[in-house]
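This report concerns only the one structure given below.
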Number of protein chains: 2
Amino acid sequence: MDTLETRELRYFVAVAEELHFGRAAERLGMAQPPLSRAIQQLERRLAVCLLERNRRGVRLTGAGEVLLQEGRAALDAAAAAVRRTRRTGDAGGPGGPRGRLVLAVKAAASHELLRRLLDAYAAEPDSAEIEVLPCGICEQEELLRDGRADVALMHTPWNSLAGFDSEALTAEGQVAVLPAGHPLAARETLSLAEVRDVPGLPLARWPTRGVYAPGPGPEIHNQTQLAQLIALGRTVAVAPDSARSWLWAEHAAVPLTDAPPVVTHIAWPAHSRSLALAGLVRTATAMTGPPASTVPAG
Amino acid sequence: MDTLETRELRYFVAVAEELHFGRAAERLGMAQPPLSRAIQQLERRLAVCLLERNRRGVRLTGAGEVLLQEGRAALDAAAAAVRRTRRTGDAGGPGGPRGRLVLAVKAAASHELLRRLLDAYAAEPDSAEIEVLPCGICEQEELLRDGRADVALMHTPWNSLAGFDSEALTAEGQVAVLPAGHPLAARETLSLAEVRDVPGLPLARWPTRGVYAPGPGPEIHNQTQLAQLIALGRTVAVAPDSARSWLWAEHAAVPLTDAPPVVTHIAWPAHSRSLALAGLVRTATAMTGPPASTVPAG
DNA sequence: CGCGGTGATACCCGCCGGGTATGACAGGGC
DNA sequence: GCCCTGTCATACCCGGCGGGTATCACCGCG
């Protein structure tokens, strides 16, 4: 009628991502014919054309693009429902997830802040157990959406806070991270423009909101890989001030004068009602200074 | 395995809301035994106890409360996927919902702003058709979540922007709306405290984020009802300045000195990629003054 | 012109979602 | 104490449909 089963969404998303019925069916662990039929039924029920079948491949229509986007969100929501329910079920007790709270943190970022936060929260009366889930660059948003995490530390402008509740915690400047021997490493300060076009030293690219900007530099997936590439003199990176904590001897950090500040936020799914989460957020905001910088949404 | 069908979510949400298998089954248009079995299967698959069956009724466990909340969100997301896909499918064309855009507006609020916005947007080159969906107080959030609307005008602090992208448009003060003959109606200004305890004239209550605060005053569901009750001398209300536009002769408006300002935002589901929506938001922000007041989330 | 690779069709089967009938059990009225 | 009522659970059956296999229709290509 006017409701979609998650099975149908799963099927469509698979096809829309693969743009190939056979591969999609394989990914779903099923045969191709039933998948074709399911998609046809879907299109008939929605009375909408989702895919354009040219011989040789498949393309998405406008409606298909919308369903891909919205369907992913719906699947994430369903997965989140399962995960969060399971998590609270383990520990039991009413009033939301009381026993365990999964905190997603970019690996090796916000290290000092994280330590202080965990210590301060553990000292609170009846605090929940915090499981720290280290994640790749820019992965926090996905983890929050699909329920693998309950709360995350995010860094604007790298992460997007869209769709989440959040509180700003701290702000910091940015530095250029260079090979120690590089001529620019001796400078007191640098500008973004200077760093951007160092001859023979392309700027490393990491994803902003999940997508890599085009450019000549290498695509960075984790901080170790980045450190190595810099140490090898293959790239230069722009990173928040706190990155100094993981620099090697072969690295040099030079403050940037005109880079936007990096703001660390604690973020969680909108409308979360967990007591444990509320306590953690209260601890975090109280710790990093009173309501100097809070987000208006609330 | 580790995925929930929307059917199962629908069933559980019905039971969790009714707290009664028989009534829930009736609401779902099915018999009670299969519903009982479905919920049992659900609990077994999640390996979590969701309901506490005392003889004489049913109660939610902590996990059950979480699943109710998350399940509603997932069902909304699935419904939104259907609705938005259908809407764009009608008009066809790639690049997101191009043909029609549904704008949810509190009936009779922001009237002047709305008119200007619609006029300005219609004047844009290749603008989409805007369908205005008038809605009850505080209903916009639900409409955006389940896809009945694509974009909404919201008013903090009445509405919550949590979970949405938004841009602030205008801010205005608030006034007390009194029966014209009332002694306080002659005052130049009033304070919230003065309005709150006028003898024999309890403050009208309308929902903040969907829930009514407790109090002696009448619960307001729409603006006409409110206007009538005020005119009859049964209640007094606090309303934004623009409410003056719908006042009757029997009403009087007195500015409040210490009420928080009401900010009108244009809000839309996070991560929306519609070109038409982007155009509307651009028009709205450009119209109400340059980037004086924008929300940081991007 | 045959071959490979695409998605669609035809057909069959077994599972499971749903219905009906009934049971188990507790509370309340008399 | 009794039975009656209202609740959810169990037992059993059936039909639909989701999924599999085999095959077709079509096109591009060497």
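Throughout, a chain's letter reflects where its sequence line sits, starting with A, and its residues are numbered from 1. Computed from a predicted structure; not experimentally measured.
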**Item:** Closest to side chain of B/Met30, choosing from C/dG19, D/dT7, D/dG20
**Value:** C/dG19
**Request:** Would you please confirm or rule out a distance under 4.0 Å between OP1 or OP2 of D/dG19 and any side-chain N or O of A/Gln32?
**Result:** no
**Request:** Round to a whole Å and report the spacing from CD of B/Glu26 to P of D/dT7.
**Result:** 11 Å
**Prompt:** Do the side-chain N or O atoms of A/Gln40 get closer than 4.0 angstrom to the phosphate oxygens (OP1, OP2) of C/dG7?
**Reply:** no
**Request:** Give B/Arg37 one of three labels, base, sugar-phosphate or nothing, depending on what nucleic acid heavy atoms sit under 4.0 Å from its own.
**Result:** base
**Message:** Check A/Glu129 with A/Arg100, please: is the shortest side-chain N to carboxylate O separation under 4.0 Å?
**Reply:** no
**Message:** Can you tell me which nucleotide in D/dT10, C/dG18, D/dC8 comes closest to the side chain of B/Arg7?
**Reply:** C/dG18
**Item:** Value in whole Å for how far the P atom of C/dG18 lies from CZ of B/Phe21
**Value:** 15 Å
**Item:** Integer-rounded Å distance: D/dG18 P and B/Glu5 CD
**Value:** 10 Å
**Message:** Does any part of the side chain of A/Leu103, heavy atoms only, come nearer than 4.5 Å to the side chain of A/Leu133, both counted from C-beta?
**Reply:** no
**Complete:** Separation of C/dG7 atom P from A/Tyr11 atom OH, nearest Å, is 17 Å
**Request:** Would you mind checking if A/Arg37 and A/Glu43 are paired as a salt bridge, meaning a charged N to carboxylate O distance below 4.0 Å?
**Result:** no
**Request:** State which of C/dG19, D/dG19, C/dA8 makes the closest approach to the side chain of B/Ala31.
**Result:** C/dG19
**Asked** Of all the nucleotides listed (C/dG17, D/dA9, D/dG19), which has the minimum atom distance to the side chain of B/Gln41?
**Response** C/dG17
**N/O (side chain, B/Ser36) to phosphate O (OP1/OP2, D/dC8) under 4.0 Å** = no
**Request:** Measure from NE2 on B/His20 to C1' on D/dA9 and round the result to the nearest Å.
**Result:** 14 Å
**Request:** For A/Leu35 and C/dT6, give me the distance from atom CG to atom C1', rounded to whole Å.
**Result:** 13 Å
**Request:** Have a look at A/Arg84 and tell me which of A/Asp146, A/Asp150, A/Asp76 forms a salt bridge (charged side-chain N to carboxylate O under 4.0 Å, His left out) with it.
**Result:** A/Asp150
**Fill in**
To the nearest angstrom, the CD-C1' distance between B/Glu8 and C/dC16 comes to 12 Å
**Asked** Can you tell me how far C1' of C/dG19 sits from CG of B/Leu28, to the nearest Å?
**Response** 15 Å
**Asked** For B/Glu5, does the CD atom have more than 12 heavy-atom neighbours from other residues, nucleotides or ligands under 6.0 Å away?
**Response** yes
**Asked** Relative to the 5' end of DNA chain C, which residue comes earlier, B/Ala38 or B/Pro33, by the nucleotide with the nearest heavy atom?
**Response** B/Ala38
